[in-house]
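Residue numbering restarts at 1 for every chain, and letters A, B, ... go by the order of the sequence lines.
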Amino acid sequence: MNIKQLLTDKTLAAFSVLGLPEGTNPAVTQSTRPEFGEYQINGAMAAAKLLKTNPRQLAEQLLSTLELTDIADKVTIAGPGFINVSLNVNWLARQLAQAAEDPRLGVSINQQPQTVVVDYSAPNLAKEMHVGHLRSTIIGDAVVRTLEFWGDNVIRQNHMGDWGTQFGMLIAHLEDKLSEGVDLEHVALADLEDFYREAKKRFDDETGFADKSRQYVVKLQSGDSHCQKLWQLFIDTSIKHSAEVYQKLNVTLKHTDIKPESAYNSMLNGIVADLKQQKLAVQSMGALVVFLTELADKEGNPSPFIVQKTGGGFLYSTTDLAACQYRSHDLAADRVIIFTDARQGLHFKQVELVARKAGYLRDNTAYDHCPFGTMMGEDGTPFKTRAGGTVKLIDLLDEAIVRAKSVVQEKATDLNEAEIADVANKVGIGAVKFADLSKNRTSDYIFSWDAMLSFEGATAPYLQYAYTRVRSILRRAQLVENFSADIVIGSAPEKLLAVKLLRFEETLHTVIKDAQPNLLCNYLYELASLYMSFYEACPILKENVEPELRDSRLMLSILASRILQQGLDLLGIDVMERM
RNA sequence: GCGCCCGUAGCUCAGCUGGAUAGAGCAACGCCCUUCUAAGGCGUGGGUCAUAGGUUCGAAUCCUAUCGGGCGCACCA
């Protein structure tokens with residue numbers, strides 16, 4: 001059930017009867033204040049402006065034409081031409097009854113599924129995952145889960161960085177270590193982060209090492225078997241690390257979703273040859289470049305986009321073009337969504353321009369780069385540890401779980417050790433994810449241990465707690481299988497909760513359209529909050545509650561718990577029965 | 001220099017295609033556990049929506065300029 005859509009359709013029908021031009025925006029929105037009902041139709045004012053008529057009069061015409069019998073109790077005109085709709089409680093109750101019978105909780109299923117390729121997480125395999133990978137990984141995963149729930153055909157692609165220049169450096173360093181007789185598995189690759197730091201130091205300081213590294217890249221990319229064998233060791237180690245992180249983070253990415261940069265290697269020569277042949281790419285200062293006049297500066301200097309380095313090497317631009325070709329043509333994607341930080345905005349703009357011109361992206365493939373902000377420290381400067389290094393993601397998650405455990409032990413009195421461990425895990429991970437997912441900012445993202453691991457207010461634990469409260473009631477009620485009862489909405493908290501429950505689908509659509517899970521976070525928080533108010537104000541299992549009223553409230557509780565669980569699951573956050 | 005993103009309560013952030021009196025959480029201060037889990041609820045205080053113009057019935061939202069912050073602009077990804 002999508003109330004907003006329903007009212008939009010009704011308004012459009014009325015517009016059509018009134019002879020308003022096609023495309024007039026009904027502008028149906030959720031009401032801004034309780035006294036304005038639940039929805040308001042603002043389209044009359046804009047339409048009146050267009051037709052140069054009196055908005056109030058047009059609103060009155062619209063009102064007499066609108067067919068909202070049963071749906072609305074009261075439809076009134078206010079101010080310059082607002083139309084306020086107050087929904088009928090019996091109608092609401094019927095919609096809720098339908099949602100309760102539906103495994104999809106009343107959310108309709110996509111009638112025209114699209115093939116959507118979602119590129120997310122994409123860690124650099126030369127290092128361990130650090131906090132900078134958090135956003136792409138969990139935002140991408142939430143959007144993927146939501147798209148799948150809606151019914152799209154989703155193809156996850158973990159565009160792992162396994163082919164870059166750093167691997168030359170790592171291989172060169174590893175080779176030296178091996179010649180010193182170091183035990184490979186246990187020493188050299190035990191801590192990829194340390195290993196990377198050592199190699200980087202040599203790359204920067206040691207004469208000759210950088211050149212040697214570059215030679216190794218060329219050897220690797222041209223298929224040298226010895227180099228590939230060493231390279232494979234890094235890849236395997238690193239993928240193992242990332243799998244651990246994904247599991248701990250409750251992220252759906254699997255080994256089969258990995259489509260790393262190296263997977264496009266065989267396409268790169270062809271891409272470059274084709275760009276030359278199409279006269280899109282030209283030689284410039286030794287490199288092969290596509291000049292983009294669309295992105296020229298004020299003096300008319302076009303923006304350069306290098307597709308092949310001096311000396312013949314390929315770069316990520318080449319790989320991303322190949323990825324466009326593969327996704328749009330081979331996978332037949334209707335939409336490609338890429339989650340990376342905002343610093344790559346220009347790059348993806350360039351990729352899309354070139355890919356469209358060259359035909360690597362079909363016209364009917366949407367290409368959505370969804371950026372997010374750089375991680376900042378609490379002082380507003382780029383985020384680092386006190387020692388000046390990066391924070392490993394796995395360490396962050398472990399700390400979250402430890403902190404959660406101490407809170408759980410303090411608050412939960414009747415849980416055994418195993419239950420405490422389980423709750424701590426779900427609360428800690430949930431808190432980290434919710435803190436991040438609930439933010440919309442595309443610029444600065446301020447990282448704060450305290451904010452992230454605080455378990456009060458608008459946080460995952462609040463939602464999880466709301467869920468356990470509902471479940472506790474449902475357990476006590478000892479409901480029979482397939483319990484069902486009439487829903488009667490008699491009080492304000494019940495109506496507020498009812499309307500919110502019926503806005504689940506509406507919310508999911510906005511999440512999908514803009515690839516913004518924070519909208520789902522807001523919704524779930526408001527739902528939990530309204531349930532908490534309902535819980536305090538509307539007794540259920542207490543004495544002197546009429547059986548009909550009790551059963552109706554149980555129905556509302558069942559729906560609330562199911563939507564909370566489903567919504568949190570779309571965010572990749574688990575719930576539990578007790579906490 | 002050019003370009004992109006951003007500036008909303010003390011702090012962290014919402015605010016959907018322009019709508020009515022700009023909302024949450026944290027922090028502060030009251031109240032509410034013999035009664036369905038107090039990780040909770042109810043209430044109070046807190047705002048020149050960076051600034052200045054413009055567009056219009058109506059602007060936090062759109063346009064222009066300025067100031068402030070972040071980031072990006074040729075062989076890293």
Side-chain angles (χ1 to χ4, degrees), chain A residues 4 25 27 29-33 36 40 42 45-46 48-49 55 78-82 122 124 126 161 163-166 261 284-289 295-299 301 303-311 313 315-317 319-320 340-347 349 371 373-374 376 380-382 407-408 410-414 427 435 438-444 446 448 450-451 454-459 461-462 464-466 468-477 506 510 513-514 516 518-519 521-522 525-526 529 532-533 535-537 539-543 545 557 578-579:
Chain A
K4 182 175 164 178
N25 185 359
T29 67
Q30 295 177 13
S31 294
T32 50
R33 308 175 66 77
F36 302 150
Q40 54 187 65
N42 299 334
M45 290 176 287
K49 188 186 207 167
F82 296 99
N124 179 352
W163 208 233
T165 315
Q166 311 101 315
E261 291 178 328
S284 169
M285 297 166 73
L288 194 67
V289 182
L295 299 173
D297 63 20
K298 281 193 174 154
E299 280 96 57
N301 304 309
S303 165
F305 183 66
I306 298 177
V307 294
Q308 190 170 27
K309 297 194 276 191
T310 303
L315 334 80
Y316 78 140
S317 57
T319 307
D320 281 334
T340 76
D341 70 281
R343 287 177 292 191
Q344 299 186 49
L346 176 61
H347 167 73
K349 202 181 276 184
T374 309
M376 298 298 190
T381 65
V407 177
V408 174
E410 180 192 324
K411 307 260 184 191
T413 49
D414 55 349
V427 165
S438 59
K439 288 177 181 60
N440 176 40
R441 295 277 163 202
T442 52
S443 62
D444 308 3
I446 298 198
S448 153
D450 287 343
S454 151
F455 303 124
E456 282 174 12
T459 62
Y462 177 89
Q464 291 165 323
Y465 179 64
T468 61
R469 276 184 136 184
V470 192
R471 294 298 301 169
S472 174
I473 286 185
L474 298 180
R475 268 196 309 277
R476 279 168 175 270
E506 216 170 295
T510 61
K513 186 171 137 288
D514 304 322
Q516 290 187 335
N518 69 303
L519 300 168
C521 293
N522 292 347
Y525 176 71
E526 285 163 10
S529 180
M532 292 286 202
S533 301
Y535 178 98
E536 303 278 346
I540 301 172
L541 302 179
K542 296 183 182 179
E543 282 175 39
V545 179
S557 295
R578 290 169 228 270
M579 67 187 279

Original post:
Considering Watson-Crick and G-U wobble pairs with both distances under 3.5 Å, what does B:U64 pair with?
Top reply: B:A52

Original post:
Is there a Watson-Crick or G-U wobble partner for B:G47 with both distances under 3.5 Å, and if so, which one is it?
Top reply: none

Subject >> Between B:G3 and B:G43 - P atom distance, rounded Å >> reply: 49 Å

Subject >> Separation of the C1' atoms in B:U55 and B:G45, to the nearest angstrom >> reply: 37 Å

Original post:
Taking the same atom, P, in B:U12 and in B:G53, what whole-Å distance lies between them?
Top reply: 29 Å

**OP:** Quick one: look up who B:G1 pairs with, Watson-Crick or G-U, both distances under 3.5 Å, and put none if it's unpaired.
**Re:** B:C73

**OP:** Can you tell me, in whole Å, how much space there is between the P of B:A27 and that of B:G41?
**Re:** 13 Å

Subject >> Integer angstrom distance from the C1' of B:U35 to that of B:C16 >> reply: 42 Å

Original post:
So, is A:R343 close to the B:G70 phosphate, meaning a side-chain N or O under 4.0 Å from OP1 or OP2?
Top reply: no

**OP:** Pick base, sugar-phosphate or nothing for A:P539, based on heavy-atom distances below 4.0 Å to the nucleic acid.
**Re:** base

Original post:
Just how far is it from atom CD1 of A:I473 to atom OH of A:Y535, taken to the nearest 0.5 Å?
Top reply: 5.0 Å

Subject >> Rounded distance in Å between the P positions of B:U8 and B:G70 >> reply: 15 Å

**OP:** Name the residue closer to the 5' end of RNA chain B, choosing between A:Q166 and A:I540 according to the nucleotide with the nearest heavy atom.
**Re:** A:I540

Original post:
Using centres under 5.5 Å plus planes under 30 degrees as the test, is A:F36 stacked with B:A20?
Top reply: yes

Original post:
Counting just side-chain N and O atoms, does A:K513 come under 4.0 Å of either OP1 or OP2 of B:U17?
Top reply: no

**OP:** With RNA chain B as reference, determine whether A:A27 or A:P461 sits nearer its 5' end, using the nearest nucleotide of each.
**Re:** A:A27

Original post:
Just by modelled atom types, is the A:M45 backbone N or O under 3.5 Å from a matching donor or acceptor in the A:K49 side chain?
Top reply: no

**OP:** Give a yes/no answer on whether the side chain of A:Y462 brings an N or O atom under 4.0 Å of OP1 or OP2 in B:G41.
**Re:** yes

Original post:
Does any nucleotide pair with B:G58 by Watson-Crick or G-U wobble geometry, both distances under 3.5 Å, and what is it?
Top reply: none

Original post:
Backbone N or O of A:V470 within a donor-acceptor pair of the A:S557 side chain at under 3.5 Å?
Top reply: no

**OP:** Sticking with atom C1', work out how far B:G54 lies from B:U61, rounded to a whole angstrom.
**Re:** 15 Å

**OP:** Once you apply the 3.5 Å cut-off to both distances, tell me the Watson-Crick or G-U wobble partner of B:U21, or none.
**Re:** none

Original post:
So what's B:U35 paired with, Watson-Crick or G-U wobble, going by both distances under 3.5 Å?
Top reply: none

Original post:
So, A:F82 and B:A20: ring centres less than 5.5 Å apart, planes less than 30° off, yes or no?
Top reply: yes

**OP:** Report yes or no: does A:S31 contribute a side-chain atom to a donor-acceptor pair with the main-chain N or O of A:F36 at less than 3.5 Å?
**Re:** yes

**OP:** For B:C42, give its Watson-Crick or G-U wobble partner with both distances under 3.5 Å, or none.
**Re:** B:G30

Original post:
Side-chain N or O of A:R33 less than 4.0 angstrom from OP1 or OP2 on B:G23?
Top reply: yes

**OP:** Tell me whether the OP1 or OP2 atom of B:G15 has a side-chain N or O from A:N440 closer than 4.0 Å.
**Re:** yes

Original post:
Hey, does A:T29 have a side-chain heavy atom less than 4.5 Å from the side chain of A:Q40?
Top reply: yes

Original post:
Quantified in whole Å, what is the P atom distance between nucleotide B:C76 and nucleotide B:A60?
Top reply: 48 Å

Original post:
Between A:Y316 and A:H347, what is the ring plane arrangement, given parallel below 30°, perpendicular above 60°, and tilted in between?
Top reply: parallel

**OP:** Round to the nearest Å and state the distance from A:E456 atom CD to B:G25 atom P.
**Re:** 12 Å

Original post:
For B:C42, does OP1 or OP2 lie under 4.0 Å from any side-chain N or O of A:S533?
Top reply: yes

